[in-house]
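Quantities reported herein were computed from a predicted structural model and do not represent experimental measurements. Just so it is clear: chains get the letters A, B, ... in the order the sequence lines come, proteins before strands, and each one is counted from 1.
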Protein chains: 2
Amino acid sequence: MGLPVNQPEHSRLHERIRADHATEVAEDYVEAIDDVQREKGICRAVDLARRFGVSHVTVSRTIGRLTRDGYVETEPYGPIRLTTKGKRVATQARNRHDIVYQFLLALGVGEQTAAIDSEGIEHHVSRETLRAMERFTRRDQG
Amino acid sequence: MGLPVNQPEHSRLHERIRADHATEVAEDYVEAIDDVQREKGICRAVDLARRFGVSHVTVSRTIGRLTRDGYVETEPYGPIRLTTKGKRVATQARNRHDIVYQFLLALGVGEQTAAIDSEGIEHHVSRETLRAMERFTRRDQG
DNA sequence: ACCCATTTTTAGCCCAGGCTACATTTGGAG
DNA sequence: CTCCAAATGTAGCCTGGGCTAAAAATGGGT
Ligand SMILES: [Mn+2]
Ligand SMILES: [Mn+2]
Ligand SMILES: [Mn+2]
Ligand SMILES: [Mn+2]
């Protein structure tokens with residue numbers, strides 16, 4: 001067994017990365033579903049296909065996985081609704097995404113770049129780093 | 001066709017993310033291969049399996065793709081060597097990774113967290129954001 | 001009421017990146 | 001030299017997340 005090594009074991013890092021990737025799609029989807037619902041009342045698969053730039057079939061299959069995992073509910077040919085769990089994750093995801101976005105702006109990055117980079121970075125930011133980003137943004141221009 | 005929209009179209013963002021993911025494994029592998037070579041002269045598949053916490057079969061298949069894409073060269077039962085292209089990508093990847101890591105430290109994040117988060121964030125940082133991070137780190141403690 | 005455009009579903013394909021089980025090769029210890 | 005442990009390769013499986021083509025359902029406009 002051996003005592004727990006205190007330096008981060010490299011394999012651990014990558015396990016985290018793989019775990020992040022597994023939840024990444026779920027986070028982006030529930031956030032997008034929530035967005036669409038705010039914008040136009042209900043969310044349909046076709047809305048997500050446009051938003052993500054993928055085919056409607058890909059959306060349909062992904063929604064199947066999200067349903068299986070308890071994030072969304074649908075009936076055949078019906079709209080896509082978030083479960084309680086889905087709403088919670090959507091709120092957290094949007095919050096975190098926004099913190100990262102505002103942080104990049106505060107760092108001096110342009111809006112377009114901040115929008116693009118935050119979309120990927122958000123999924124790999126721990127609580128600790130998120131807090132540090134908030135602190136910086138507040139101090140810088142709050 | 002329509003005129004190019006100037007606000008970042010949401011689907012564009014996600015296309016970037018998907019592209020980043022496609023190169024992510026290649027970047028981490030060539031960086032790791034370079035690391036191992038520095039540490040112990042030659043790099044073998046087992047070294048990478050340990051480092052990434054995956055089976056040697058997964059490494060073998062991944063190395064096959066990297067060979068196909070011109071990043072590495074191997075002979076049967078031989079060590080893993082980087083091509084010129086592979087070395088270039090490894091150097092760039094390490095450089096960028098280090099900038100992100102140092103930046104997180106400068107932001108006030110702990111070493112463990114910085115190590116973990118930088119491993120994921122590095123792949124989603126544009127040149128512009130990377131420059132902003134360098135600027136901040138230099139100003140903060142350079 | 002009907003028709004048709006839009007939407008969703010289904011079938012079937014691809015590739016990346018995981019795995020286990022088993023076969024083969026290699027090189028060093030004795 | 002021989003043998004065996006370690007490394008590598010091969011076969012076959014899985015899931016996620018992409019795609020196209022074609023079928024089926026829905027619902028709004030006339
Ligand atoms: Mn998001
Ligand atoms: Mn995202
Ligand atoms: Mn790296
Ligand atoms: Mn990485």
Side-chain angles (χ1 to χ4, degrees), chain A residues 10-33 36-37 40-81 119-120 123, chain B residues 11-30 32-33 36-37 40-81 119-120 123:
Chain A
H10 225 111
S11 67
R12 296 273 173 181
L13 307 197
H14 290 281
E15 277 157 27
R16 236 293 294 278
I17 305 292
R18 288 194 292 272
D20 288 347
H21 279 163
T23 57
E24 189 163 334
V25 170
E27 290 170 345
D28 283 341
Y29 266 68
V30 295
E31 193 186 344
I33 291 165
V36 172
Q37 282 176 345
K40 46 179 289 193
I42 65 170
C43 177
R44 299 225 139 243
V46 105
D47 300 314
L48 300 175
R50 239 200 337 269
R51 152 118 23 174
F52 291 119
V54 298
S55 76
H56 70 280
V57 180
T58 295
V59 169
S60 171
R61 291 167 56 82
T62 303
I63 292 300
R65 285 189 290 270
L66 295 181
T67 301
R68 179 199 61 192
D69 298 339
Y71 294 103
V72 306
E73 286 171 338
T74 56
E75 295 123 37
Y77 298 96
I80 297 163
R81 302 182 319 265
E119 188 63 68
H123 308 283
Chain B
S11 66
R12 296 274 171 178
L13 308 196
H14 290 281
E15 278 157 26
R16 236 294 292 280
I17 306 292
R18 288 194 293 273
D20 288 346
H21 279 162
T23 57
E24 190 163 333
V25 170
E27 290 170 346
D28 283 341
Y29 266 68
V30 295
I33 292 165
V36 173
Q37 282 176 345
K40 46 180 286 194
I42 64 170
C43 178
R44 300 226 138 240
V46 262
D47 301 315
L48 300 176
R50 238 200 340 269
R51 153 122 19 176
F52 291 118
V54 298
S55 75
H56 74 279
V57 182
T58 296
V59 169
S60 170
R61 291 167 56 79
T62 303
I63 293 299
R65 284 188 291 271
L66 296 181
T67 301
R68 178 199 62 191
D69 297 339
Y71 295 103
V72 306
E73 286 171 337
T74 56
E75 295 123 38
Y77 298 95
I80 297 163
R81 302 181 318 266
E119 189 63 71
H123 308 283

Whole Å only: how far is the [atom1] atom of [X] from the [atom2] atom of [N]?
| X | N | atom1 | atom2 | answer |
| --- | --- | --- | --- | --- |
| R50(A) | dT6(C) | CZ | P | 12 Å |
| Y29(B) | dG18(C) | OH | P | 6 Å |
| R61(A) | dT8(C) | CZ | P | 17 Å |
| H14(B) | dG18(D) | NE2 | P | 11 Å |
| I63(A) | dG17(D) | CD1 | P | 12 Å |
| R68(B) | dG17(C) | CZ | P | 9 Å |
| H21(A) | dG18(D) | NE2 | P | 12 Å |
| L48(B) | dT8(D) | CG | C1' | 13 Å |

Report yes if at least one side-chain N or O of [X] is closer than 4.0 Å to OP1 or OP2 of [N]; otherwise report no.
| X | N | answer |
| --- | --- | --- |
| R65(B) | dG17(C) | yes |
| S55(A) | dC19(D) | yes |
| R18(A) | dG17(C) | no |
| R44(B) | dG27(C) | no |

For S60(B) and for G53(A), find the nucleotide of DNA chain D with the closest heavy atom, then tell me which residue's nucleotide is more 5'. S60(B)
Can you check whether Y29(B) and F52(B) have ring centres sitting under 6.0 Å from each other? yes
Can you tell me which nucleotide in dC19(D), dG17(C), dA16(C) comes closest to the side chain of T58(A)? dC19(D)
State which of dG17(C), dT26(D), dT8(D) makes the closest approach to the side chain of Y77(A). dT26(D)
Under 5.5 Å and under 30°: H56(A) stacked on dT7(C): no
If you look at every strand shown and take non-hydrogen atoms under 4.0 Å, does V57(A) touch a base, only sugar-phosphate, or nothing? base
Does T62(B) reach a base, just sugar-phosphate, or nothing at all? Heavy atoms under 4.0 Å. nothing
Going by atom types only, do T62(A) and R65(A) share a side-chain donor-acceptor pair under 3.5 Å? yes
Measure the spacing between CG of L48(A) and CD1 of I33(A) and express it to the nearest 0.5 Å. 5.5 Å
Are the charged groups of D47(B) and R51(B) less than 4.0 angstrom apart, N to O? no
Is any side-chain N of the basic residue among E75(A) and R81(A) closer than 4.0 Å to the acidic one's carboxylate O? yes
